Amino acid sequence: MPKRGENIRKRKDGRWEGRYLRQVNGGKKYRSVYGTTYSEVKQKLFDEKKKEADAEQIKDKPETFMTIQKLSQLWFAEVEPDLKCSTFQKYTSIYEKHIQNQLGELTISEINSDVVAKSLPRQFSQSTYKSIYCVLNQILRFGARNYGLPGVSLKQYSVVKQVRPAETMVQGDQQKLLECLYTDMDNCKLGIVVCLNLGLRLGEICALKWEDIDFRNKILHVNRTVQRLKSDHDGKKTQLVESIPKTACSVREIPLPDYLVKLLLQFRGKGIYVLNGTSPMDPRTYQNKFQHYLREAGVKLTHFHTLRHTFATNCINQGADAKSVSELLGHANVNITLNRYVHPGMDVKRNVLDSLTSIYGQKMGQVS
């Protein structure tokens with residue numbers, strides 16, 4: 001016979017049984033736990049009753065008991081089907097590296113802008129800070145939307161922006177590289193020429209197919225990109241993933257100049273991809289090829305993305321309007337183009353100042 005208030009009894013089969021009330025679909029139903037000894041069942045009952053009590057507290061005040069770790073797991077499960085694979089991996093990487101250990105055990109009621117700012121190291125770049133706050137705010141908005149949590153909006157405090165000057169290739173190095181590329185040209189060298197002339201991203205040129213080039217209307221269609229992503233949880237294995245471009249604006253049409261159409265026609269073959277025949281080129285492989293061409297040309301080593309910056313700067317230097325250049329690059333707005341991709345050289349700046357001679361230099365001959 002059970003002790004008063006415990007609801008624990010020994011069954012005919014020799015086992016001990018404990019019963020407790022549990023919330024089920026708005027009502028209460030009895031549930032049982034079993035064990036070989038009275039003490040074992042008593043502990044199990046205590047654990048289950050504590051879970052029920054905790055659940056009631058979370059229901060009444062979820063912000064006090066829901067941790068960032070728990071909420072993030074729910075958020076990742078919801079957004080994974082709708083995000084690009086690369087975006088989902090970026091978010092999980094940001095969370096695991098910069099949020100989980102520092103903030104994961106905090107409850108929603110303990111999170112605010114001051115707490116987050118104090119938990120983050122000062123040496124991060126502006127871009128890393130932006131990504132951390134982006135992920136955190138999305139998690140918190142998810143909690144407010146789905147679990148009635150307070151609508152906390154974290155404000156990113158100003159940090160000293162570490163500006164790394166973007167590189168472009170000077171005219172002399174561009175000519176050296178072009179001479180190297182036009183010597184014994186193949187499809188890979190052709191791809192570098194295309195990027196220097198059209199500003200394509202590394203992943204975009206690696207995924208470019210011959211069917212993306214409309215030779216009749218002289219238009220190149222950017223429809224896809226390729227990148228190497230993790231294929232398992234610990235990141236030891238990777239695979240090439242072909243997907244839509246970086247953003248909606250990156251899906252674009254680029255008019256082809258006549259000389260580039262003629263050059264492309266010379267290498268048009270039976271393969272599917274422009275660079276690699278039957279499969280997309282691995283971006284890491286193509287980056288290494290680019291480095292090889294720079295060494296062969298006797299030009300300073302630089303990253304593949306420098307070709308994109310050089311293209312944008314050349315366009316502006318030749319008098320192109322910023323809006324057209326922005327659309328050719330596939331940017332969401334003109335400010336990105338002007339602030340990050342256009343880098344006028346000293347000769348261009350000198351020409352600008354020399355052009356003011358007609359205004360300010362008229363009286364120079366009269367100076368005695």
Side-chain angles (χ1 to χ4, degrees), residues 68-104 111 116 120 124-147 152-156 166 199-209 212 221-252 279-287 303-305 308 326-327 329-333 335-337 339-341:
I68 292 293
Q69 174 70 11
K70 177 60 178 177
L71 188 58
S72 68
Q73 292 172 351
L74 297 169
W75 177 69
F76 278 122
E78 180 179 271
V79 301
E80 182 175 11
D82 299 322
L83 292 177
K84 288 177 59 179
C85 181
S86 57
T87 303
F88 182 77
Q89 288 194 10
K90 177 184 177 182
Y91 285 172
T92 54
S93 176
I94 287 292
Y95 179 81
E96 291 168 359
K97 288 181 180 179
H98 307 303
I99 299 174
Q100 181 171 262
N101 293 335
Q102 293 85 344
L103 303 168
I111 288 291
V116 175
L120 300 178
F124 289 159
S125 68
Q126 187 81 3
S127 175
T128 301
Y129 277 112
K130 185 177 179 180
S131 296
I132 293 171
Y133 279 88
C134 172
V135 171
L136 265 175
N137 277 319
Q138 288 192 69
I139 292 172
L140 293 172
R141 284 196 294 270
F142 166 79
R145 186 171 63 249
N146 293 276
Y147 297 96
V152 182
S153 181
L154 300 175
K155 178 183 177 183
Q156 179 181 341
L200 298 187
R201 297 181 177 92
L202 175 58
E204 292 170 348
I205 187 63
C206 287
L208 186 66
K209 297 180 179 181
D212 298 326
H221 300 268
V222 180
N223 295 317
R224 67 188 65 82
T225 187
V226 66
Q227 54 194 143
R228 183 164 285 282
L229 300 174
K230 293 188 296 183
S231 59
D232 58 353
H233 181 69
D234 59 13
K236 292 182 179 179
K237 293 183 179 180
T238 61
Q239 62 181 350
L240 278 182
V241 177
E242 195 173 326
S243 61
I244 59 175
K246 186 176 181 181
T247 64
C249 294
S250 297
V251 179
R252 60 199 188 277
S279 60
M281 174 75 74
D282 188 324
R284 294 187 304 188
T285 301
Y286 203 41
Q287 168 74 14
H303 194 272
F304 195 95
H305 207 69
R308 191 165 157 83
S326 179
E327 292 188 1
L329 290 169
H331 286 159
N333 61 68
N335 289 335
I336 296 175
T337 307
N339 294 336
R340 300 182 189 175
Y341 282 81

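Treat the numbers as computed from the prediction; the structure is a model and nothing was measured.
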Point to revise | Side chain to side chain, L136 and L103, heavy atoms closer than 4.5 Å | key: yes
Revision key, fill the gap. Nearest heavy-atom approach of K155 to Y133 is O-CE2, 3.6 Å
**Study point:** Taking every non-hydrogen atom, the tightest pair across E78 and D82
**Key:** O-OD2, 4.1 Å
Exercise for review: Decide yes or no for L140 and I68: does some side-chain heavy atom of the first lie under 4.5 Å from some side-chain heavy atom of the second?
Suggested key: yes
Check your understanding: Are T128 and H98 side-chain neighbours, meaning at least one heavy-atom pair lies under 4.5 Å?
Key -> yes
Check your understanding: Should the ring pair Y286 and F304 be called parallel, tilted or perpendicular, given that the plane angle runs from 0 to 90° and is split at 30 and 60?
Key -> tilted
**Study point:** Heavy-atom side-chain proximity of V79 to Q138 below 4.5 angstrom
**Key:** no
Point to revise | Rounded distance [0.5 Å steps], CD in Q100 versus CD in Q73 | key: 8.5 Å
Check your understanding: Short question: side chain of H303, backbone of H305 - any donor-acceptor pair under 3.5 Å?
Key -> yes
**Study point:** Atom pair CD/CD of E80 and Q89 - distance to nearest 0.5 Å
**Key:** 9.5 Å
Review point. So which heavy atom on P283 is nearest to which on Q227, and how close?
Key: CG-CA, 4.3 Å
Check your understanding: For the residue pair I94 and S131, what are the closest heavy atoms and their distance?
Key -> CD1-CB, 3.8 Å
Practice item. Taking the side chain as every heavy atom from C-beta outward, state whether Y95 and W75 have any atom pair closer than 4.5 Å. Key: no
**Study point:** P245 versus R224, closest heavy-atom pair with distance
**Key:** CG-N, 3.6 Å
**Study point:** Least distance between heavy atoms, G199 atom then R252 atom
**Key:** O-NH2, 4.2 Å
Point to revise | Student check: side-chain heavy atoms of R228 and D282 closer than 4.5 Å | key: yes
Practice item. Determine whether I244 and T225 make a side-chain contact, defined as any pair of heavy atoms from C-beta on separated by less than 4.5 Å. Key: no
**Study point:** Close side-chain approach of L329 and C249, heavy atoms under 4.5 Å
**Key:** no
Check your understanding: Checking side chain to side chain contact (heavy atoms under 4.5 Å, CB included) for the pair Y91/C134: CA distance, chi angles, key distance, verdict?
Key -> CA-CA 9 Å; Y91 285 172; C134 172; 4.2 Å; yes
Check your understanding: Roughly how far, to the nearest 0.5 Å, is the CG atom of N146 from the CG atom of L71?
Key -> 9.0 Å
Exercise for review: Determine whether more than 12 heavy atoms belonging to other residues, nucleotides or ligands lie under 6.0 Å from atom NZ of K209.
Suggested key: yes
Check your understanding: To the nearest 0.5 Å, what is the distance between SG (C206) and CZ (R284)?
Key -> 12.0 Å
Check your understanding: Could you walk me through whether S326 and N333 pass the side chain to side chain contact (heavy atoms under 4.5 Å, CB included) check?
Key -> CA-CA 7 Å; S326 179; N333 61 68; 5.8 Å; no
Point to revise | Check against side chain to side chain contact (heavy atoms under 4.5 Å, CB included), V251 and N223 | key: CA-CA 5 Å; V251 179; N223 295 317; 4.2 Å; yes
Exercise for review: Give a yes or no on whether K90 atom NZ has more than 12 heavy-atom contacts from other residues, nucleotides or ligands under 6.0 Å away.
Suggested key: no
Review point. Could you state the interatomic distance from CD1 (I205) to CG (L208), rounded to the nearest 0.5 Å?
Key: 5.0 Å
